[in-house]
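Here the structure comes first, spelled out in structure tokens, and everything after it is commentary.
Count residues from 1 along the sequence. Numbering of ligands and ligand atoms starts at 1, following listing order.
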Amino acid sequence: NKLRVGLLFGGRSGEHEVSIISARAIAQGLELEENANKYEILPFYIQKDGVWQSGVIAQQVLESGFPQEILSTTPNLWQFPPETAQVELWFPILHGPNGEDGTIQGLLTLTQVPFVGSGVLGSATGMDKIAMKMAFAQAGLPQVKYKTVTRAQIWSNPCVFTKLCDELESALGYPCFVKPANLGSSVGIAKVRSRQELEVALDNAATYDRRIIVEAGVVAREVECAVLGNDNPKASVIGEITFDSDFYDYETKYTPGKADLFIPANLPEVVAQQIQEMALQAFAAVDAAGLSRVDFFYVETTGEIFINEINTLPGFTSTSMYPQLWANTGIPFAQLVDQLIQLAIERHSPVN
Ligand code: ADP
Ligand code: MG
Ligand code: MG
């Protein structure tokens, strides 16, 4: 009578490949001695076209670490594999849109089976950079200056667009960052240093999303804190990311050797404590549950800490920041996945 855990990975996002590697690490964690007699894994692979695969195909993708490229000619998105009925707990490890943003969480909620991580609200609020920033502002968390713009404004007549750029330029200055509201992994993000770059970046960001955010750039160290728990969550030690590239873009994130992680980050104890407190406030502000990684900018010269974002389903490969932060805080990988499952059960119980 092992608990049948539906491991859900792949997904319709730019982070499809990362999700497979995260899922593989989790599967390995569940197969370790201390978990193997408690949990049985049922793998579910969501192809890039949105079709769900189970059984042998899902297992193959999980073991090889490579996506399955055979896509359906007529994808039937309402048809789920029969094994879904056997799942007693879901472990979604999907990053980005259609997985981290509340869509899958809505579907899983309807199945009435407990699942790991945030619910619909926490996932959606955490994924949408505009909603997220509003929640952080309401909680009094310090953030860099930003403006929100819409695709409609960007793709409006030249007169409206010129006025928009004038306003952004005078409010935020250069360099600034242009970001689609609902993505991750730095996809669609541009650092701009001139009017011309701003115009190009806005037009490009509008191809990714209807809503766009533009932020004043800061020169700062990038530090991250892991959060684990439901209503009384805990914060991990702080980690730092360093790199030589212009900013932490997609290539830097996913090319081995381009970025380094330092755990624990070399920070004054008071700064580390402040970041941990802010991480817990951010977790509550968006109504996250189970796990999140909260990312910050630390301006060493002034001592300022700005919250950058929360990621409700952070990278979970064996070398990812989230599991490494917990390993350094005293919770090894196998124990971490076990705790996440127990937190999902706790959250699902009638009193919660
Ligand atoms: P994502 O959700 O895709 O990770 P982020 O908002 O974290 O998007 O931005 C990705 C990276 O871009 C950050 O890790 C950082 O390197 C850089 N960046 C984003 N916003 C700013 C900013 N306001 N000032 C300086 N660097 C930034
Ligand atoms: Mg993100
Ligand atoms: Mg980020």
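At under 3.5 Å, a nitrogen or oxygen of S186, whether backbone or side chain, sits near a nitrogen or oxygen of ligand 1. For ligand 1, the polar-atom distance check against V218 finds a nitrogen or oxygen pair separated by under 3.5 Å. Residue contacts with ligand 1: G217 is placed with no nitrogen or oxygen under 3.5 Å of a nitrogen or oxygen of the ligand (distance criterion only).
Close approach to K129 involves these atoms of ligand 1, each under 4.0 Å from a residue heavy atom: 1 (P), 2 (O), 6 (O), 8 (O). Set against the non-hydrogen atoms of G184, the atoms of ligand 1 under 4.0 Å away are 2 (O), 3 (O). Those atoms of ligand 1 that come under 4.0 Å of a heavy atom in K179, given as number and element, are 5 (P), 6 (O), 9 (O), 19 (C), 20 (N).
By the 4.0 Å heavy-atom criterion, D295 is excluded from the residues contacting ligand 1. In this structure, F297 has a heavy atom closer than 4.0 Å to ligand 1. The closest approach between any non-hydrogen atom of K253 and ligand 1 is below 4.0 Å.
Using a cutoff of 4.0 Å between basic side-chain nitrogens and carboxylate oxygens, K48 and E17 are scored as salt-bridged. A salt bridge is absent between D128 and K133: the closest approach of a Lys/Arg side-chain nitrogen to an acidic carboxylate oxygen does not fall below 4.0 angstrom.
For R195, the CZ atom sits in a packed shell: over 12 heavy atoms of surrounding residues, nucleotides or ligands are nearer than 6.0 Å.
Residues Q153 and K163 form no side-chain contact, since every pair of their non-hydrogen atoms from C-beta on lies 4.5 Å or further apart. T111 places none of its side-chain heavy atoms less than 4.5 Å from the side chain of V87. Using a 4.5 Å heavy-atom threshold, the side chains of I20 and P67 count as touching.
Aromatic ring orientation, F91 versus F316: perpendicular (interplanar angle above 60°, classes split at 30° and 60°).
Under 4.0 Å from ligand 1, the heavy atoms of S185 that appear belong solely to its backbone. Counting heavy atoms closer than 4.0 Å to ligand 1, residue F177 contributes side-chain atoms (C-beta onward) but none from N, CA, C or O. Proximity of A216 to ligand 1, defined as any heavy-atom pair under 4.0 Å, is confined to the backbone N, CA, C and O atoms.
For E309, the nearest N, O or S atom to the Mg ion (ligand 3) falls under 2.8 Å.
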